[in-house]
There are 2 protein chains.
Amino acid sequence: MKEHQALDMLHALSQETRLRIVRHLVRRGEEGATAGEIGKEVNAASSRASFHLSALEHAGAVTSQRRSRNIIYRANVAKLGNMMSFLLDNCCDNHPDIRKCCLGAEACC
Amino acid sequence: MKEHQALDMLHALSQETRLRIVRHLVRRGEEGATAGEIGKEVNAASSRASFHLSALEHAGAVTSQRRSRNIIYRANVAKLGNMMSFLLDNCCDNHPDIRKCCLGAEACC
DNA sequence: TTCATAATTCAATATCTCTTGAAATGTTGA
DNA sequence: TCAACATTTCAAGAGATATTGAATTATGAA
């Protein structure tokens, strides 16, 4: 993952509504969620949800697929993993104390 | 770590100059770096470096300590680890594929 | 004290971001 | 085709952010 991709992803996740959307979608797993459901979940008007979903998709954090009238959004776990990996390796230089934080809650600094 | 703290940290890291500052400081370790050195390293005028260092410090990503004429900045690895942990646990719901990305380059999706 | 150095603060500007509600688009079922 | 629904796009305004250079503050050395 290139720096600018990681920056786009970080920027996408650094907004309350968008972070909550991603959290919801990761929890939904393969099933995903429709734009409407997501909007209700994060308390956003449809245009606002759409705006943020579009930003997340553009950054690569989520994918979309039309199913009949609805559009199903899913978390892009591969890209999310790439971003975590970028942060750990490139930005944090594989610092052992930071890496430890990813091994489990009890191991974290 | 609370959501709003993680958001502040993510926002701080989602900017090219600031991400590069953090990367440089993690690599410098305990020795840290002065504001002037950092500015040169990331190709930023002193006012710009100061502006971004202040943002990073406010978000908790770096610490500062005056030493004579210089101010030494260091990465706050504990807080960086907390942010990684927040992302993994809270935002990514401990998804196994994402967690795998933190175990090492070869293990990543 | 006076000077030079390191860093921050300030002011101005340009740009980007978020939010809202209204309008437009695409899709299905009657 | 038409009506209803799901979603996106658009326009406008408020607010935040990044950049620059000049001015200011803090510190140490002569």
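Residue numbers start from 1 in every chain, and the chains themselves are labelled A, B, ... in the order their sequence lines are given, proteins ahead of strands. Small disclaimer: the values here were computed from a predicted structure and weren't measured.
Look at Asn70(A) and you'll find a side-chain N or O under 4.0 angstrom from OP1 or OP2 of dT7(D). Dashed line: the shortest gap from a side-chain N or O of Tyr73(A) to OP1 or OP2 of dA6(D) is not under 4.0 Å. In this structure, Arg48(A) reaches the dT20(C) phosphate: one of its side-chain N or O atoms is under 4.0 Å from OP1 or OP2. Look at His11(A) and you won't find any side-chain N or O under 4.0 angstrom from OP1 or OP2 of dC16(C). Of the side-chain N and O atoms in Arg69(A), none sit less than 4.0 angstrom from OP1 or OP2 of dG29(C).
Whole-Å rounding puts the Gln15(A) CD to dA16(D) P distance at 13 Å. If you take NE2 of His58(A) and C1' of dC16(C), they are 15 Å apart, rounded to a whole angstrom. Atom-to-atom, CD1 of Ile38(A) to C1' of dA6(D) comes out at 12 Å; the value is rounded to the nearest Å. Atom CD of Gln65(B) is separated from atom C1' of dT27(D) by 15 Å (rounded to the nearest Å). Between the CG atom of Leu13(A) and the P atom of dT17(C) there is a distance of 15 Å, given to the nearest Å. Taking atom CG of residue Leu56(A) and atom P of nucleotide dT8(D), one finds them 12 Å apart after rounding to whole Å. One interatomic measurement links the two molecules: CZ of Arg18(A) to C1' of dC18(C), which rounds to 9 Å at whole-angstrom precision. Between the CG atom of Asp8(A) and the P atom of dT17(C) there is a distance of 10 Å, given to the nearest Å.
In this structure, Ser54(A) reaches neither bases nor backbone, as no heavy-atom distance under 4.0 Å exists between it and the strands shown. In this structure, Ser68(A) reaches the sugar-phosphate backbone alone: every heavy-atom distance under 4.0 Å involves primed, P, OP1 or OP2 atoms, never a base. Heavy atoms of Arg67(A) sit nowhere under 4.0 angstrom from any nucleic acid atom. Counting any heavy atom pair closer than 4.0 Å across all strands shown, Ala35(B) reaches sugar-phosphate atoms only and no base atom.
To the nearest 0.5 angstrom, Ile71(A) atom CD1 is 10.0 Å from Gln65(A) atom CD. Distance check, rounded to the nearest 0.5 Å: CG of Leu87(B) to CG of Leu80(A) gives 9.0 Å. Rounding to the nearest 0.5 angstrom, the gap separating the CD1 atom in Ile38(B) from the CG atom in Asn43(B) is 14.0 Å.
Across dT19(C), dT19(D), dT8(C), the shortest atom-to-atom separation from the side chain of His52(B) is found for dT19(D). Nearest nucleotide to the side chain of Ile71(A), out of dT17(C), dT19(D), dT8(D): dT8(D). Set against dT20(D), dG21(C), dT27(C), the side chain of Arg66(A) has dT27(C) as its closest nucleotide.
Classification of Arg99(A) and Asp93(A) as a salt-bridged pair fails, no side-chain N sitting under 4.0 Å from a carboxylate O. Residues Glu3(A) and Arg20(B) are paired through a salt bridge, judged by an N-O separation under 4.0 Å between the basic side chain and the carboxylate.
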